[in-house]
Amino acid sequence: MKLIYNPVFLEHDTGMHPENKKRLTSLGDLPVTNLESGEQFLELVHSPDYIQKVKQVSEAGGGHIDAETVVSSGSYEAAIYAVGATIMASETGDFALTRPPGHHAYIDRSSGFCIFNNIAIATQYHVNQGKKVLIFDFDGHLGCGTMKFFYETDQVLYWSLHQYPAFPGGGSAEEIGAGKGEGYTINVPLPAGSGDEIYMDAIENFLPIAKKFNPDIVAVSAGFDSHQYDLLLDLRLSLNAFYKTGFILSENFDNIFATLEGGYNIEMFPKCLYNFLDGINQKKMKFEERGTDSMIQTYYEYEGRKALLEQNLRKFWK
Ligand SMILES: [Zn+2]
């Protein structure tokens, strides 16, 4: 898995916003990949009215399109190439190092720094070709737009690990999908203060369901805001957890691709990202950090939530 990057992603100019271009420039000089626009794929997920709205606000010089999300004159261009890069990554098994992120974006509205839902669009592109897709969303927030879009299908298993409760709301152990999709949404609601041992348990414990689903493709929403020094959340992962997450994915699945979601601590972000890549490529871990654990109350809270989730999923995954 290698990085797919293009400086067009810097044209999404958000100023002093936490989701700003320093996230990518912090990685230094990166090889540039020639990309195709993903504009033709937007309607796989988004309504024509919403697409036009983003385009118009961008062409008019930009502004806020919701309480958290900023659009600049270059944002529409950056966003359609972010979709194109994610589609490309899904065909080459690579990591689309994109901005703006996508997993909060809904059919007809932006949310939480996200404009177009890159991972949902790439997933739907493969579902339309008859593929079963596992979306593994390890950003520290619930990918609310992604979850909602696939909530009633059994072609996509949406598996998210996130702090709960936290922005954007939702993502409890009770939300497991509906209709044909009942049992095909797995929300692992992590208490604030969760460290490495809870996080790795949350992966290992629900991995058998993901394997049983037997996906043709694994689509990873890769966010790094669950690191202990990220200011947007109160999860406590060390750098090692991102390496292990990548390693476990590569040991258990073929055909994996990823796209960037969150991760806002500019000093830690490159280390989180490179550790994840080294894990998934089964190389040696470069950035070691002392592992973290959780307070005993946090662990009990997690165990209770895990038991409830297991109980809710039991009848769908024997
Ligand atoms: Zn996030």
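Counting starts at 1 for both ligands and their atoms, following the listed order. The figures here come from the full heavy-atom set of this structure, side chains too, leaving out hydrogens, waters and symmetry mates.
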So if I apply the ring-ring contact (aromatic ring centres under 6.0 Å, His included) rule between F276 and each of F247, F136, F269, F138, which one comes out positive?
F138
Check D225 and report its N/O/S atom nearest to the Zn ion (ligand 1), by atom name.
OD2
Nearest to the Zn ion (ligand 1) - the N/O/S atom of D139, by atom name
OD1
So, using ring pair (Phe, Tyr, Trp, His ring centres under 6.0 Å) as the criterion, who are the partners of F253 when residues are at least two apart?
none
In H141, the N, O or S atom nearest to the Zn ion (ligand 1) is which?
ND1
Between E19 and R99, is there a side-chain N and carboxylate O pair less than 4.0 Å apart?
yes
Is the gap between the ring centers of H104 and F113 under 6.0 Å?
no
Confirm or rule out an N/O/S atom of E261, from backbone or side chain, lying less than 2.8 Å from the Zn ion (ligand 1).
no
May I ask you to check whether H162 brings an N, O or S atom to under 2.8 Å from the Zn ion (ligand 1)?
no
Does S111 have any side chain to side chain donor-acceptor pair (under 3.5 Å) partners at least two apart in sequence or in another chain, and if so, which?
none
